[in-house]
Structures are given as structure tokens and as C-alpha cells.
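Computed over heavy atoms, backbone and side chain alike; hydrogens, waters and symmetry mates excluded.
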Amino acid sequence: MPGTAPWTVVVLTEAAFGEVDARNVAQLHAAERAEGQDVRHLVLVPADTHRSLLADVVDRLSLGELREALADLRQGQPDAGEARAGAETALRVTLERLRAQGLTAQGRTTEDDPLPAVRQALAEEPDARELVVVTRPHAVEDTFHADWASKARDSLGVPVLHVYAGTTRLG
């Protein structure tokens, strides 16, 4: 129904969206948008300057991604500048992909721990109604509910959807 109050979907992602990710987010509120409702997207991408190389390797190995695990080991820990540049690139690509799906999207990068930025976004956006978290599977964090989505569910008071990047699988 046109004229209904707009709402903002906060989107937290650790990497640039692929086509599947953008399509997944676009489909979440396609019916509402078709009815003329104003659905906006605020994308947050953390500059993960303190990434755990060991956790990344374990995640890759748990998924059977031996080549990727070896590549992570060879690449090593990124420096802070590389991490920030990577986050800026991921943000730019994600916004382009969402806009190509016809969505209204804006965004920013955050510090390593994105949850304070998510909390701030929810407080600053009075029409923010939900959080969509898009990550690759993280064996250790997901198993022990130490991932961003689990932490957000425990503390933010909004619906949280966790989708694994490049798939339609829910986390």
C-alpha cells in the first residue's frame, strides 16, 4: 500500500556481494516494493584488521576447501590498510549489485567488530526493522554461536536473518 511508513533493512556483510547475494536480498521484500512501499537498505562492511588466520583456515578446511586454506596461509594476515581498502571495495561492489536489482542502498565501512555500528545504525534509523547478515560459513563461530548473527539475535531486539554468501542456505 502506497503511503505506508518506509523501513530500513540493515545489511551486514563480510565480503562483496555476488549476484546471488544481491538477488536474495532483493527478493526478501519484493512483494512490499511491488506494492509501492519504501524499503531502503543500509549496508555495513567491517574492515577486519584483526582477522583470525587460524579460524579462516579451519573454516576453509571444514568446507573441504584445501586450496583456499593453503592460499590463506600463504597470503597471511592483511595489514590494516589492506583490510580497510578491501572493505571499501566490498562496500562499493555490494552497493552496485543491490542498486542493479532496483534497490535503494547506501552504506559505510565499520571497525573490526561491526556490532557497535549495527547497534548505532538501528538507533539512528528510526524505521530500521531488521538485520540481514551475509557471511560465508564459519565452522568455529557458527558452531559455538559466536558469529555476528547469533550475537545480534542475543542483543539487538530486531529480527535477524543469516544467509551464507553465494547460496540460499540460512545460517
Side-chain angles (χ1 to χ4, degrees), residues 4-18 20-30 32-33 37-53 55-56 59 77-138 140-166 169-171:
T4 59
W7 80 72
T8 299
V9 177
V10 178
V11 179
L12 174 60
T13 184
E14 65 185 348
F17 268 23
V20 170
D21 306 314
R23 192 170 39 252
N24 286 343
V25 169
Q27 290 174 351
L28 289 175
H29 298 291
E32 291 87 347
R33 288 189 350 267
Q37 292 187 27
D38 182 15
V39 181
R40 297 176 295 227
H41 298 79
L42 174 61
V43 179
L44 302 174
V45 181
D48 196 2
T49 59
H50 293 99
R51 183 185 76 168
S52 170
L53 183 57
D56 283 352
D59 289 341
Q77 191 75 18
D79 69 24
E82 290 172 340
R84 286 187 184 90
E88 289 292 338
T89 299
L91 177 62
R92 181 183 48 76
V93 169
T94 298
L95 292 174
E96 288 172 1
R97 293 236 162 97
L98 289 173
R99 290 171 182 154
Q101 292 288 324
L103 301 180
T104 301
Q106 60 182 8
R108 61 181 176 261
T109 60
T110 74
E111 297 300 318
D112 291 317
D113 179 3
L115 291 183
V118 171
R119 191 172 287 108
Q120 179 181 1
L122 292 171
E124 290 175 352
E125 298 284 337
D127 58 350
R129 297 187 188 177
E130 61 192 276
L131 171 64
V132 177
V133 180
V134 181
T135 66
R136 68 181 192 279
H138 295 284
V140 175
E141 291 90 345
D142 292 350
T143 300
F144 294 105
H145 303 286
D147 59 296
W148 295 336
S150 294
K151 289 178 180 179
R153 282 185 194 109
D154 291 343
S155 65
L156 297 179
V158 296
V160 177
L161 176 66
H162 185 191
V163 181
Y164 289 131
R169 288 183 39 226
L170 300 178

Looking only at heavy atoms, which two atoms of [X] and [Y] are closest? And how far apart?
X    : Y    : result
A128 : L122 : CB-CD2, 3.6 Å
P159 : R129 : CD-O, 3.1 Å
A15  : T13  : O-OG1, 2.8 Å
T94  : A16  : OG1-CA, 3.5 Å
A121 : L44  : CB-CD1, 4.4 Å
V160 : A152 : CG2-CB, 4.0 Å

- Message: Pair H41, Q101 - check side-chain contact (heavy atoms from CB on, under 4.5 Å), show working.
- Response: CA-CA 12 Å; H41 298 79; Q101 292 288 324; over 6 Å; no

Atom [atom1] in [X], atom [atom2] in [Y]: separation rounded to 0.5 Å?
X    : Y    : atom1 : atom2 : result
L95  : T104 : CG    : OG1   : 11.5 Å
K151 : D113 : NZ    : CG    : 6.0 Å
D38  : T8   : CG    : OG1   : 8.0 Å
L115 : L12  : CG    : CG    : 7.0 Å
R84  : D112 : CZ    : CG    : 7.5 Å
Q106 : L98  : CD    : CG    : 12.0 Å

Beyond-backbone contact of [X] with [Y], side-chain heavy atoms, under 4.5 angstrom:
X    : Y    : answer
R108 : L42  : yes
R33  : L103 : yes
L28  : V9   : no
V25  : D21  : no
T135 : D147 : no
N24  : V132 : no
V133 : V163 : no
S150 : H162 : no

- Test side-chain contact (heavy atoms from CB on, under 4.5 Å) applied to V134 and F17, W148, Y164, the passing residue: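 With V134 as partner, F17, W148, Y164 yield a single side-chain contact (heavy atoms from CB on, under 4.5 Å), made by F17.
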
- Message: Tell me whether E96 is salt-bridged to R92, with the criterion being a basic N under 4.0 Å from an acidic carboxylate O.
- Response: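 The answer is yes: the pair qualifies as a salt bridge.
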
- Message: Other residues, nucleotides and ligands only: do more than 12 of their heavy atoms fall within 6.0 Å of CD on E130?
- Response: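 Buried by this count: over 12 neighbours within 6.0 Å.
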
